[in-house]
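No experiment lies behind these values; they were computed from the predicted model shown.
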Amino acid sequence: DAARHYVLVNDAWCGMYGPAREQALGQPTSAGLLGIPTQLARVEAITQCLSEGRVSTVTLPTRLRDGRERILQSRYFPYRDGGSEVSRVIIVTRDITEQEDDRRAIETGAEYLRRTLNATGDAIFASDATDPDMPVRFANAQMLRMWGLPAGCEATLMPT
């Protein structure tokens, strides 16, 4: 609520953070109730949501009460009780640890592939452009050298 107290928590929240619903309701959001340190980004998101009515997203690594390290993404939505003033903040939190692990694995694989393609003597580029105004997805260093193009121009390189 506007005073930054918990007014509603669901079963998933209780399961993720630990306290029973009765323990959470009415408690200040900054009281350390969750067993995790209050992080400035979360406090700022609530403040901005209440004062400016702005939706925001905070993604942070978090050690849960049971000791597990997780990456939690919280979205902060302003809620108005029929008036123009924001009276509450609705916070929706998801555990995105597996998605972040997958994203990092894909980035690592893509970096290995980029290095391999740059190590070959062949000029290689990749494009999935559906129109002539879409840039190529990838051009290796040999391709740029062969055509006399400066490094870093890949984002503007067109397939036609």
Side-chain angles (χ1 to χ4, degrees), residues 1-118 126-131 133-140 151-158:
D1 63 13
R4 298 171 195 209
H5 291 90
Y6 291 105
V7 295
L8 175 71
V9 295
N10 65 11
D11 292 339
W13 184 91
C14 294
M16 180 181 290
Y17 291 115
R21 183 174 284 112
E22 301 76 37
Q23 293 173 301
L25 298 181
Q27 295 296 314
T29 58
S30 61
L33 174 71
L34 308 180
I36 59 175
T38 301
Q39 292 166 316
L40 184 59
R42 289 182 171 122
V43 173
E44 287 176 352
I46 292 171
T47 300
Q48 288 174 349
C49 198
L50 285 168
S51 64
E52 301 170 21
R54 219 175 7 153
V55 175
S56 62
T57 303
V58 174
T59 303
L60 292 170
T62 304
R63 181 181 300 278
L64 297 180
R65 184 176 263 178
D66 65 6
R68 292 180 301 144
E69 283 283 337
R70 308 303 289 171
I71 299 173
L72 302 181
Q73 183 176 73
S74 298
R75 300 260 337 215
Y76 298 79
F77 299 93
Y79 180 81
R80 294 171 175 84
D81 283 329
S84 61
E85 295 294 314
V86 176
S87 60
R88 299 176 198 261
V89 176
I90 297 172
I91 306 168
V92 179
T93 300
R94 298 181 315 132
D95 182 344
I96 62 165
T97 305
E98 283 77 24
Q99 293 93 323
E100 284 297 298
D101 290 346
D102 292 346
R103 183 189 58 75
R104 280 193 289 273
I106 289 169
E107 285 178 358
T108 299
E111 178 61 18
Y112 288 143
L113 178 60
R114 185 189 65 74
R115 288 180 184 183
T116 300
L117 295 174
N118 274 333
S127 173
D128 61 0
T130 55
D131 72 52
D133 295 327
M134 292 177 66
V136 300
R137 291 273 184 186
F138 173 83
N140 73 349
C153 75
E154 297 89 331
T156 60
L157 192 59
M158 300 300 169

*Asks:* Could you measure the distance from the CD atom of Glu100 to the OG1 atom of Thr59? Nearest 0.5 Å is fine.
*Replies:* 7.0 Å

*Asks:* Given side chains that start at C-beta, do those of Gln73 and Gln99 come closer than 4.5 Å, heavy atoms only?
*Replies:* no

*Asks:* For Cys14 versus Arg21, what's the shortest heavy-atom pair and its separation?
*Replies:* SG-N, 3.6 Å

*Asks:* Can you find a heavy atom in the side chain of Arg42 that is under 4.5 Å from one in the side chain of Thr93?
*Replies:* no

*Asks:* Below 4.5 Å, heavy atoms only, C-beta onward: do Val55 and Pro78 meet side chain to side chain?
*Replies:* yes

*Asks:* Which atom pair, heavy atoms only, marks the closest approach of Val9 to Ala24?
*Replies:* CG2-CB, 4.3 Å

*Asks:* Answer yes if the side chains of Thr57 and Arg75 hold a donor-acceptor pair under 3.5 Å, and no otherwise.
*Replies:* yes

*Asks:* Does some side-chain heavy atom of Thr47 sit less than 4.5 Å from a side-chain heavy atom of Arg4?
*Replies:* yes

*Asks:* Nearest 0.5 Å, please: how far is CD1 in Ile91 from CG in Leu8?
*Replies:* 11.0 Å

*Asks:* On a heavy-atom basis, which atom in Val136 and which in Ala126 lie closest, and how many Å separate them?
*Replies:* CB-O, 3.4 Å

*Asks:* Could you tell me which residues satisfy side chain to side chain contact (heavy atoms under 4.5 Å, CB included) with Glu85, sequence neighbours excluded, listed by chain and number?
*Replies:* none

*Asks:* Nearest 0.5 Å please: distance from the CG atom of Asp101 over to the CD1 atom of Ile96.
*Replies:* 10.0 Å

*Asks:* For residues Val89 and Ile46, report the shortest heavy-atom separation together with the two atoms involved.
*Replies:* CG2-O, 4.1 Å

*Asks:* Roughly how far apart are Ser56 OG and Phe77 CZ, rounded to 0.5 Å?
*Replies:* 9.0 Å

*Asks:* Side-chain contact test, heavy atoms from C-beta onward, threshold under 4.5 Å: evaluate it for Glu98 versus Arg70 and give yes or no.
*Replies:* yes

*Asks:* Does Asp95 offer a backbone N or O that forms a donor-acceptor pair with the side chain of Thr97 under 3.5 Å?
*Replies:* no

*Asks:* Shortest non-hydrogen contact from Asn140 to Asn118?
*Replies:* CB-OD1, 3.0 Å

*Asks:* Taking side chain as C-beta onward, heavy atoms only, is Arg103 less than 4.5 Å from Glu107?
*Replies:* yes

*Asks:* Taking atom CZ of Arg137 as the centre, report whether more than 12 heavy atoms of other residues, nucleotides or ligands fall under 6.0 Å from it.
*Replies:* no

*Asks:* Quick one: are Glu44 and Val58 in side-chain contact, heavy atoms under 4.5 Å?
*Replies:* no

*Asks:* When rounded to the nearest 0.5 angstrom, what distance separates OG1 in Thr62 from CD in Glu69?
*Replies:* 8.0 Å

